[in-house]
Amino acid sequence: MSNKIYNDSGIEIKSEYEGGLESSGIFPYTRGIRKEQYRGKLWTMRQYAGFSTAEESNKRYHYLLNKGTTGLSVAFDLPTQIGYDSNHEMSIGEVGKVGVAIDSLEDMQILFDGIKLEDITTSMTINASASILLAMYIALAKQQGADLKKISGTIQNDILKEYIARGTYIYPPKPSMRIITDIFEYCSKEVPKWNTISISGYHIREAGSTAIQELAFTLANGKAYVEAAIRKGLDIDVFGKRLSFFFNAHNDFFQEIAKYRAARRMWAKMMREMGAKDPHAMMLRFHTQTGGSTLTAQQPENNIIRVAIQALSAVCGGTQSLHTNGYDEALSLPTEKAASIALRTQQIIAYESGATLTDDPLGGSYYIEELTNRTEEEANKLISAIDNIGGAVAAIEQGFMQQEIANSSYQYQKSIESNEKVIVGINKFSEEEHQNNSILKIDDSIRQNQIKKLTQLRNSRNNSEVEILLNKVETAAKENINLMPHILDAVEGFATLGEISDRLRKIFGEYKG
């Protein structure tokens, strides 16, 4: 029997108000995947962080942990995301800029210095090179003496949305899907608590989609991953439990809540149709990030209010994990002050708003229930159109999703320019700007420091042994052997991210969008 909870007026708050609705924790999970949602456990509070060097990012992680964040979320720079070492010519001008530069296991060791991986959950926003970064993380956990059965976290590992909306792909779709299912298979045995994919609508929304398109395209991609894993012979009731999702939160408070509720219901039905029998394999678990594209460089302090509204929608919609953007992110990477305010926003919602006291607090609202139903209905129409094309991969290859997003983005921009859509500080209530904001700048010398570290690494490691390990990676790629054990051996031998990626490029080729 749970303890009774009262609000400040002395009124008892029930853990759930039914009103003719099905309960939370019961298929199809519209109202939440478990009973007593946040009474039992709050969402994981993350702050997306990573910039410059591993040393500087490590300082920010310790700062955030001291401020009360409950999970780490790593941002990698563009060269790391697309499989280039910092000394590659394609890395010029990008090292350490939008995330941390990670070239080798040595950098990973520095990144998590003083942080026990067994005691923290880590989310890594990495896709094309996810297998290599995950291998580095596992190698570091082994060095720390961690029980690999206990380490937990998430790799994004969602390559399909890269072709649709983001662009940090390396290999063509088919070998990319093969790498992903290799990760599913390996992790189910070796690191069973790890979430092997975060199927991401976030970047689809950032590219200009509507909330309904974000939902439909994300679930269509999720369906494609499940079907690929089933074809590989994997058990849907095993790998299905480790699938997670990543959604955006924009400013239309009620539409966002309806989207999250519809997502749970649609995914539960979809997984059951694909053969899932274990209820936990049908539960849609998701991380939310507030909308980067909604932030304005003009009157940036207004973004604090936007982020609070967006974060509250995620909580009322039942998120399992949340990142709140810094108010200055339209100008630069977030400063410590902005990151601290963003985290405090989550903590105020958690401990002061009352939104956590009952499951699905807006469930039963005529407006929310109708929005949820219509959102599901319209998203299903898009999914049916994708199925008719031949599934998500075929729809991407034919440019269907990309064109739909482009059309929506164009219409949205037109509505702002015509003043039909009001953006405070942009086309209404604008002011003459006097910018005195402190912004975080990344020095180009970061690349030179990384090159120096790479040179020292190559001079100190056993290069003949590294060559043998890289050859094994190449052979595994060629012969359709699970890549993960060989990538893990290579990173433990201090092969670099770029060297491993190049061996895979040699076999798989590169995708030209």
Side-chain angles (χ1 to χ4, degrees), residues 81-82 125 127-128 130 156-180 197-229 243-250 255-256 258-260 262-263 266-267 269-271 274 284 286-289 291-294 374-415 510-513:
Q81 292 183 49
I82 53 178
T125 303
N127 296 282
Q156 194 164 101
N157 200 26
D158 174 8
I159 202 65
L160 292 180
K161 66 93 176 50
E162 297 296 326
Y163 304 120
I164 297 169
R166 192 161 175 264
T168 63
Y169 44 71
I170 302 175
Y171 321 108
K174 287 181 181 176
S176 294
M177 293 290 277
R178 175 262 174 102
I179 295 170
I180 289 167
I197 195 167
S198 178
I199 305 157
S200 176
Y202 183 85
H203 306 93
I204 291 170
R205 191 69 173 281
E206 291 293 282
S209 80
T210 65
I212 288 170
Q213 288 170 336
E214 175 195 357
L215 173 59
F217 297 162
T218 304
L219 296 193
N221 288 347
K223 184 178 181 181
Y225 293 126
V226 171
E227 288 172 342
L243 305 178
S244 65
F245 288 79
F246 175 20
F247 289 117
N248 210 314
H250 274 216
Q255 172 64 90
E256 296 305 299
K259 179 185 73 182
Y260 306 133
M266 292 171 70
W267 185 247
K269 293 175 183 175
M270 200 177 284
M271 287 295 277
M274 288 189 285
L284 182 144
F286 69 102
H287 169 75
T288 312
Q289 181 175 338
S293 62
T294 69
R374 286 298 308 278
T375 299
E376 179 180 12
E377 179 185 324
E378 294 302 315
N380 274 327
K381 288 179 184 176
L382 280 171
I383 292 172
S384 293
I386 291 165
D387 287 343
N388 289 336
I389 292 169
V393 174
I396 291 165
E397 289 172 342
Q398 294 185 30
F400 171 76
M401 298 187 213
Q402 298 93 313
Q403 189 60 56
E404 289 285 310
I405 294 167
N407 293 343
S408 295
S409 180
Y410 175 69
Q411 293 301 325
Y412 182 79
Q413 187 60 35
K414 272 183 63 178
S415 72
E510 289 188 87
Y511 180 72
K512 306 297 181 186

Has the side chain of [X] got a donor or acceptor atom that lies under 3.5 Å from a matching backbone atom of [Y]?
| X | Y | answer |
| --- | --- | --- |
| Gln402 | Ile396 | yes |
| Tyr410 | Ile405 | no |
| Asp158 | Ser200 | yes |
| Ser176 | Pro172 | yes |

With sequence neighbours excluded, what pairs up with Gln411 under the side chain to side chain donor-acceptor pair (under 3.5 Å) test?
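Scan of Gln411 (side chain to side chain donor-acceptor pair (under 3.5 Å), adjacent residues dropped) gives none.
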For Glu206, all residues meeting side chain to side chain donor-acceptor pair (under 3.5 Å), sequence neighbours excluded:
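Checked Glu206 against side chain to side chain donor-acceptor pair (under 3.5 Å); matches are Asn248, Ser293.
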Ile204/Met401 under side-chain contact (heavy atoms from CB on, under 4.5 Å): CA gap, chis, key distance, verdict:
CA-CA 9 Å; Ile204 291 170; Met401 298 187 213; 5.9 Å; no
pair [X]-[Y]: side-chain heavy atoms closer than 4.5 Å:
| X | Y | answer |
| --- | --- | --- |
| Phe245 | Leu219 | yes |
| Trp267 | Leu243 | yes |
| Phe217 | Ile383 | no |
| Gln255 | Arg374 | no |
| Gln81 | Thr125 | no |
| Ile82 | Tyr169 | no |
| Lys259 | His250 | no |
| Gln156 | Ile197 | no |

Minimum heavy-atom distance Ile386-Ala392, with the two atoms named
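In terms of heavy atoms, the two residues are closest at CG2-N, 3.6 Å.
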With Tyr202, the side-chain contact (heavy atoms from CB on, under 4.5 Å) member among His287, Glu214, Gln289:
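Looking at His287, Glu214, Gln289, the match for Tyr202 under the side-chain contact (heavy atoms from CB on, under 4.5 Å) is Gln289.
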Nearest 0.5 Å, please: how far is [atom2] in [Y] from [atom1] in [X]?
| X | Y | atom1 | atom2 | value |
| --- | --- | --- | --- | --- |
| Lys223 | Thr218 | NZ | OG1 | 14.5 Å |
| Leu382 | Ser209 | CG | OG | 10.0 Å |
| Ile180 | Asn127 | CD1 | CG | 8.0 Å |

Step by step, would you call Ile199 with Lys161 a side-chain contact (heavy atoms from CB on, under 4.5 Å)?
CA-CA 8 Å; Ile199 305 157; Lys161 66 93 176 50; over 6 Å; no
For Glu404 and Thr210, what are the C-alpha separation, side-chain angles and deciding distance, and is it a side-chain contact (heavy atoms from CB on, under 4.5 Å)?
CA-CA 10 Å; Glu404 289 285 310; Thr210 65; over 6 Å; no
Does the side-chain contact (heavy atoms from CB on, under 4.5 Å) test come out yes or no for Ile164 and Asn221, once each step is laid out?
CA-CA 10 Å; Ile164 297 169; Asn221 288 347; 3.5 Å; yes
Do the ring planes of Tyr260 and Phe247 sit parallel (below 30°), tilted (30 to 60°) or perpendicular (above 60°)?
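Tyr260 vs Phe247 ring planes: tilted.
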Report yes if the distance between the aromatic ring centroids of Tyr171 and Tyr511 is under 6.0 Å, otherwise no.
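No, too far apart.
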Arg205 and Glu256: salt bridge (Lys or Arg N to Asp or Glu O under 4.0 Å), yes or no, with the steps?
CA-CA 12 Å; Arg205 191 69 173 281; Glu256 296 305 299; 2.9 Å; yes
Identify whether the distance between the nearest side-chain nitrogen and carboxylate oxygen of Lys269 and Glu376 falls below 4.0 Å.
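Yes.
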